[in-house]
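Some notes on the structure that comes next.
Each chain gets a letter, A, B and so on, in the order the sequences are listed, and its residues count up from 1.
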There are 2 protein chains.
Amino acid sequence: MTDQYSAATRPVGRALVRQARPHAPTTPRPETPGADLGRLTRHLGYLARRTQIWIFQDFIRTLAEVDIRTAQYSILIVIEANPGLSQAVLSQTLGIERARLVHLLDGLEARKFVQRRRSISDRRSHALSLTAQGRSALARIKALADEHEQRIVRRLGRKSYKTLLRHLAVFAYG
Amino acid sequence: MTDQYSAATRPVGRALVRQARPHAPTTPRPETPGADLGRLTRHLGYLARRTQIWIFQDFIRTLAEVDIRTAQYSILIVIEANPGLSQAVLSQTLGIERARLVHLLDGLEARKFVQRRRSISDRRSHALSLTAQGRSALARIKALADEHEQRIVRRLGRKSYKTLLRHLAVFAYG
DNA sequence: TATTGTTATACTCTATAACTATA
DNA sequence: TATAGTTATAGAGTATAACAATA
């Protein structure tokens, strides 16, 4: 499912609001809420959701120029770190449904960022790898992702940022 | 949009896996990933996303018996804290699109948890409030939500939990 | 029999536009 | 003109089932 406590996305830069891009942020802003949130502010899930939305909005805006969104980014990074891995393992690693992964990889393959080759050891599975073009694109993509991350660091302060990175790790691995 | 770095939901209790409930968790598990996540573990957005998914799964499972999901819960709580507020303000407060809010309120009204009355001051808007039945249901709902929250506290440890609550607040308000 | 990748379907949520009734 | 609530539609993401090829 991935339901929501609150939901929605947000415009930060005004230049991008009301843009042609489908699903670009335009919605009600989380900040300075018009009414009392009650006990929601005592739910970690609510805060995690608002945080995730805020960060993803910034990520998407920052990487709009290379037309890469979060799921695509995570796929490129994991393939880079594990060349030759199968779709099944990639699906398991990122928690993306294998059915959905098919379409995401179709898109990245059409853009010549990713290659699917038949595995020699198990001919049912595909060995995934980045193309030269994919590696080259990824350099720029990572630079933009770093820019994005630095914006978050500035927003939180380095100390708070580090603290969060450390304490949230339990949910992502280990 | 609300795109994703990684995505997906997860079964925690095995009893509920492969259940009839639509969109119940069944997907690949984040924990013990099969491959290297690379720099993803250094992105706060990735960690926030995995955290949100983990927590929402637990919330949905815990409140399945009262058939309340995260968005519905947040609406009930904010109406309770701000009786008489309008849909516009509720939308702004929670960051839920007003178009979507209409359907969510339709459902809660059909269950007699929520009431829409014409505002006297501005006849365009609705004054929202809980019904007696809604208040009574909310007592049970809150108890289950507290149970859920305590499970997160146990998972993280109270100190880590408190730290996260404090540091994530910046994204949700202020 | 079980797994890999694929296709298909249904449901949820997000983004937008257009409409009505009020202001 | 503008705003509140509503309706409708399209795009993204999630959950499932079923199928072909392979193990």
Side-chain angles (χ1 to χ4, degrees), chain A residues 1-11 16-28 34 49 53 56-57 60 69-72 74 85-92 94-107 109 116-128, chain B residues 1-11 16-28 49 53 56-57 60 69-72 85-92 94-107 109 116-128:
Chain A
M1 42 52 58
T2 295
D3 199 346
Q4 38 157 49
Y5 262 94
S6 63
T9 52
R10 262 209 8 173
L16 281 153
V17 179
R18 290 275 164 200
Q19 194 196 14
R21 192 163 218 278
H23 297 150
T26 292
T27 335
R49 173 71 176 159
I53 290 167
F56 276 34
Q57 278 309 317
I60 291 161
R69 295 166 76 97
T70 51
Q72 296 168 311
S74 66
L85 90 171
S86 68
Q87 294 181 202
V89 171
L90 180 56
S91 162
Q92 154 80 18
L94 287 174
I96 299 176
E97 275 295 333
R98 64 201 219 280
R100 177 161 141 68
L101 194 51
V102 170
H103 301 297
L104 287 164
L105 286 171
D106 285 349
E109 203 176 29
R116 284 192 256 221
R117 279 168 305 190
R118 280 250 159 266
S119 163
I120 6 176
S121 51
D122 183 342
R123 288 169 35 76
R124 290 173 303 184
S125 71
H126 290 157
L128 303 172
Chain B
M1 41 55 57
T2 295
D3 199 346
Q4 38 156 49
Y5 263 94
S6 63
T9 53
R10 261 208 9 170
L16 282 152
V17 178
R18 288 277 163 197
Q19 194 194 14
R21 191 161 220 280
H23 296 151
T26 293
T27 335
R49 172 72 175 157
I53 289 167
F56 275 34
Q57 278 309 318
I60 290 162
R69 295 165 76 95
T70 52
Q72 296 170 310
L85 89 171
S86 68
Q87 293 182 203
V89 170
L90 180 56
S91 161
Q92 154 80 19
L94 286 174
I96 298 176
E97 275 295 333
R98 65 201 219 277
R100 179 162 140 68
L101 194 51
V102 169
H103 301 298
L104 288 164
L105 287 171
D106 285 348
E109 204 176 29
R116 283 191 257 221
R117 279 169 306 189
R118 281 249 159 267
S119 164
I120 5 175
S121 51
D122 182 343
R123 289 171 35 78
R124 289 172 303 184
S125 71
H126 290 157
L128 303 172

Candidate pair B:L128 and B:E109, rule side chain to side chain contact (heavy atoms under 4.5 Å, CB included), full reasoning: CA-CA 10 Å; B:L128 303 172; B:E109 204 176 29; over 6 Å; no
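In this structure, CZ of B:R123 is placed 18 Å from P of C:dT20, rounded to the nearest angstrom. Distance, A:R100 CZ to D:dT16 C1': 16 Å, rounded to whole Å. Rounded to an integer number of Å, the gap from NE2 of B:H103 to P of C:dT14 is 13 Å. Atom-to-atom, CG of A:D106 to C1' of C:dT7 comes out at 11 Å; the value is rounded to the nearest Å. For the pair B:R117 CZ and D:dG5 P, the computed distance is 14 Å after rounding to whole Å. Rounded to an integer number of Å, the gap from CD of A:E109 to C1' of C:dT6 is 13 Å. For A:F56 and C:dA15, the CZ to P distance is 13 Å, given to the nearest whole Å. Counting to the nearest Å, the P atom of D:dT6 and the CD atom of B:E97 are 14 Å from each other.
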Give me, pair by pair, the N or O atoms of the protein and of nucleotides 1-4 of chain C that are less than 3.5 Å apart, along with how far apart they are.
residue: C:dT3; atom: O4'; partner: A:R124; partner atom: NH1; Å: 3.3
residue: C:dT3; atom: O2; partner: A:R124; partner atom: NH1; Å: 2.9

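Applying the 4.0 Å criterion to OP1 and OP2 of C:dT6, one finds that A:R116 has a side-chain N or O inside that range.
Here the closest non-hydrogen pair linking A:A71 and A:L104 is CB-CD1, 4.2 Å. Between B:Q92 and A:G34, the closest heavy-atom pair is CG-N, 4.1 Å. Taking all atoms of both residues into account, the shortest heavy-atom contact from B:R118 to B:R123 is NH1-O, 2.9 Å.
At a threshold of 4.5 Å between non-hydrogen side-chain atoms, the residues B:Q87 and B:I96 do not count as touching.
If you take OG on A:S74 and CG on A:L90, they are separated by 7.5 Å, rounding to the nearest 0.5 Å.
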